[in-house]
Amino acid sequence: MKKSYLILALCCLIMPYYALAQSKSFNMAKWLEINNAVLRELNFNYVDSLPVDRMEKVGLDAMLANLDPYTVYIPAEDSESWNMMINRTYGGVGAVIYKPSKEDYLIINEPYRDTPASRAGLTAGDVVLEIEGKSTKGLDAKQCTDMMKGRPGDKLHMKVKKVRSNKIEDVVLTREMVHISSIECVGMLNDTTGYIGQSGFTTNVSSEFKEAFLKLKSQGMKKLVIDLRGNGGGLLDEAVKILSLFIPKNSLVVTAKGKNPSATMEYRTRTEPLDTKIPIIVLVNGGSASASEIVSGALQDLDRATIIGTRTYGKGLVQGVRPLPYNGRLKVTIAKYYTPSGRCVQAIDYAKRDKDGSVKHIPDSLTNEFRTKGGRIVRDGGGITPDVIIASDSLSPTVISLAYKNIIGDYPLQYVKSHSEISKEEDFHLSDKEYEDFVKFAEKKDFMYRSEAQAIYDDLVKKLKAEGLYDSLKSSLSTISKSVDRSKRDALMKYKSDIRPLLESEIIARYHYRPQAVRHNLRFDNQLKKALKAKMIDLE
């Protein structure tokens, strides 16, 4: 009898799990059957031809949108863009282009250093009239880009009007494999402090990082700043390789845990480090995500660096790429990663959604404490919280709008028309007269220039009119309006000290390439300056 009760009890325990598994399998089969039935009916009965390609992409995107933003379908035609994002390498000539509209000619915006474009003498502002005998008028930017890309070793013929001489020249370039480095800037900030600015974790960035580090060591570096601000991440393996430069061999630096056993893995440093003693500052902000958080989190957990800045993004999800029929691919979230102390930095729980489908950040009250190797308290659930909090300087809506609308980025193409050269990066400074020229340029553009007080005033006027009080207060409101009213010129002059360094940086990039422009920006980087003066944590 007791045996019968035991069997019954076991069945009661097992059945819910079996039923759950059966329910999931049934729901999946039901869903597939309904989808197939709908497509079959549409194929036989829909009055017009079905836009199958568009339906496929829209349907898959809508389905995956219910998961997380990183699980996406990559059709075969997008493979080149995907490879470019991962490897930052493509077959072409090495230049950023600018196409104001289809009816305008193509303009060379920014050639990269040591590429076919730069070696052929192409400079910012050069107008490309024809590509392979075809006028660039009437083409959009993508069409022009596709014509300039191609197999390394193949020739590319262009007819170019030079910005400096106004002469029209036939330019012949040989396409190469162009690599855009994720190491944006390398240099000494002072006699003893080295700086490496890194924008991503693309293929082979760890080798470039190692080369940069050794170069700085040869220049007398005694302390290193690794700048991961705005670095959205990339390849986990490259993050582990960079950590291997500073952490003893075979140290655990990150763990991935997924539903599929093959996705659960420990990642350890694989090589002997270059330097386990040099003091390291890692700069982070809300744009530092994924692999950036793996690096900063491991260095923090192992008490190997001082993390400075503001809290990181909070992406603790790992993606894998799976092949699909017809050369498509699925980038799918397969695991969550955990730093050496055991914490997951994922800030959003995509598995739990409100009725409206929205997701929320994990509140600080629900995070947990963990300990670093040296016993310091760190927390999970909301990105990496720096050891030293230093906020960046906030920019006004006007400056942000000028950058977002690319008005600051467009102006250099006018500047290069009247300046054949500029001084070196460290000596370049935009004069008041030149800034006035930018003001005249920007006044013709659409950007946010009205003050917060003006917005409040407009809202007040609307409410007064709605309540019938406007006419009685009209004279008083007129006085207020004159006080708060601001023109585009007023706004451009008010924020001159913020706008001018950004303009200078963009102009420098057109003459001396992007790394020098980044270096120029560092001269005005108050967050970096404060970080260099901050007390580093005791890592002994």
Side-chain angles (χ1 to χ4, degrees), residues 74-99 106-124 126 128 130-134 136 139-160 170-186 196-215 231-239 241-242 291 319 321 323 327-329 331 509-510 512-518:
I74 306 164
E77 58 268 24
D78 290 347
S79 290
E80 185 177 350
S81 298
W82 166 253
N83 290 330
M84 172 61 183
M85 185 175 72
I86 294 299
N87 301 315
R88 300 198 79 183
T89 302
Y90 67 98
V93 300
V96 178
I97 62 171
Y98 174 63
K99 195 75 163 58
L106 175 70
I107 300 172
I108 299 295
N109 190 2
E110 187 179 337
Y112 296 123
R113 186 193 298 274
D114 195 27
T115 61
S118 62
R119 288 194 291 272
L122 293 179
T123 60
D126 286 349
V128 180
E130 295 179 3
I131 301 175
E132 298 294 354
K134 185 172 184 177
T136 61
L139 302 178
D140 60 29
K142 185 179 184 305
Q143 289 172 311
C144 293
T145 298
D146 290 344
M147 291 180 70
M148 295 173 73
K149 288 180 178 178
R151 186 173 57 188
D154 287 355
K155 300 291 185 183
L156 176 67
H157 302 82
M158 301 195 304
K159 190 178 291 294
V160 179
D170 290 320
V171 178
V172 182
L173 308 94
T174 302
R175 295 184 179 95
E176 296 177 3
M177 286 304 295
V178 177
H179 175 63
I180 305 169
S181 177
S182 291
I183 302 297
E184 286 197 328
C185 183
V186 178
I196 300 177
Q198 184 180 340
S199 61
F201 286 82
T202 50
T203 304
N204 292 325
V205 70
S206 56
S207 297
E208 297 174 48
F209 190 104
K210 179 179 179 180
E211 182 182 341
F213 179 80
L214 293 174
K215 176 184 176 182
N231 184 323
L235 301 176
L236 185 152
D237 197 52
E238 291 296 324
K241 288 178 180 178
I242 288 176
Q319 283 73 47
V321 180
N327 298 316
R329 285 182 279 188
K331 183 165 75 78
R510 304 313 191 277
H512 301 309
Y513 304 105
R514 184 57 56 178
Q516 292 301 319
V518 175

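Just so you know, residue 1 is the first one in the sequence shown, and it goes up from there.
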Side chain to side chain donor-acceptor pair (under 3.5 Å) partners of Glu208, counting only residues at least two apart: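 Once residues adjacent in sequence are excluded, the partners of Glu208 under the side chain to side chain donor-acceptor pair (under 3.5 Å) criterion are His179, Ser181.
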Residues in side chain to side chain donor-acceptor pair (under 3.5 Å) contact with Arg510, at least two apart in sequence or another chain: Asn109, Glu506
Sequence neighbours excluded, every pair satisfying salt bridge (charged side-chain N to carboxylate O under 4.0 Å, His left out) that has a member inside residues 86-96: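 The answer is none; no pair qualifies.
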Ignoring hydrogens, what is the shortest heavy-atom contact between [X] and [Y]? Give both atom names and the distance.
| X | Y | answer |
| --- | --- | --- |
| Ala517 | Ala509 | CB-CB, 3.8 Å |
| Gly234 | Ala291 | N-CB, 3.8 Å |
| Pro111 | Thr123 | CG-CA, 4.3 Å |
| Leu139 | Cys144 | CB-SG, 3.8 Å |
| Gly94 | Thr115 | O-OG1, 3.3 Å |
| Ala120 | Val171 | CB-CG1, 4.0 Å |

Test log, rule side chain to side chain contact (heavy atoms under 4.5 Å, CB included), inputs Val96 and Tyr112: CA-CA 8 Å; Val96 178; Tyr112 296 123; 3.3 Å; yes
Do [X] and [Y] have side-chain heavy atoms sitting under 4.5 Å apart?
| X | Y | result |
| --- | --- | --- |
| Phe213 | Val186 | no |
| Val93 | Met158 | no |
| Arg113 | Ser118 | no |
| Ile97 | Met148 | yes |
| Leu122 | Leu173 | yes |
| Ile131 | Leu106 | yes |
| Glu176 | Arg119 | yes |

Please answer whether the main-chain N or O of [Y] pairs with a side-chain N or O of [X] as donor and acceptor at a distance below 3.5 Å.
| X | Y | answer |
| --- | --- | --- |
| Thr136 | Val128 | yes |
| Thr202 | Asn87 | no |
| Glu110 | Tyr513 | no |
| Arg514 | Cys185 | no |
| Arg329 | Pro75 | no |

Residue Glu132 excluded, over 12 heavy atoms near CD under 6.0 Å: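 For Glu132, atom CD is crowded (more than 12 foreign heavy atoms under 6.0 Å).
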CG/Asn327: more than 12 non-hydrogen atoms of other groups inside 6.0 Å: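 Atom CG in Asn327 is not crowded, with 12 or fewer foreign heavy atoms closer than 6.0 Å.
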Test log, rule side chain to side chain contact (heavy atoms under 4.5 Å, CB included), inputs Ile180 and Tyr90: CA-CA 9 Å; Ile180 305 169; Tyr90 67 98; 4.1 Å; yes
Qualifying residues under side chain to side chain contact (heavy atoms under 4.5 Å, CB included), relative to Gln319, sequence neighbours excluded: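 Result, side chain to side chain contact (heavy atoms under 4.5 Å, CB included) vs Gln319: Tyr70, Lys315, Leu317, Lys331, Thr333.
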Asp146: side chain to side chain contact (heavy atoms under 4.5 Å, CB included) partners, not counting sequence neighbours: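 Residues passing side chain to side chain contact (heavy atoms under 4.5 Å, CB included) with Asp146: Lys142.
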State the [atom1]-[atom2] distance between [X] and [Y], to the nearest 0.5 angstrom.
| X | Y | atom1 | atom2 | value |
| --- | --- | --- | --- | --- |
| Asp140 | Lys99 | CG | NZ | 7.5 Å |
| Thr203 | Leu235 | OG1 | CG | 5.0 Å |
| Leu156 | Arg175 | CG | CZ | 4.5 Å |

Salt bridge (Lys or Arg N to Asp or Glu O under 4.0 Å) against Lys210, all qualifying residues, sequence neighbours excluded: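 By the salt bridge (Lys or Arg N to Asp or Glu O under 4.0 Å) rule, Lys210 matches no residue at all.
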Reference residue Glu238; test side-chain hydrogen bond (donor to acceptor under 3.5 Å, both in side chains); the match among Ser206, Ser182, Ser207: Ser206
CA sep, side-chain torsions, deciding dist, call: Glu211, Ile183, side chain to side chain contact (heavy atoms under 4.5 Å, CB included): CA-CA 10 Å; Glu211 182 182 341; Ile183 302 297; over 6 Å; no
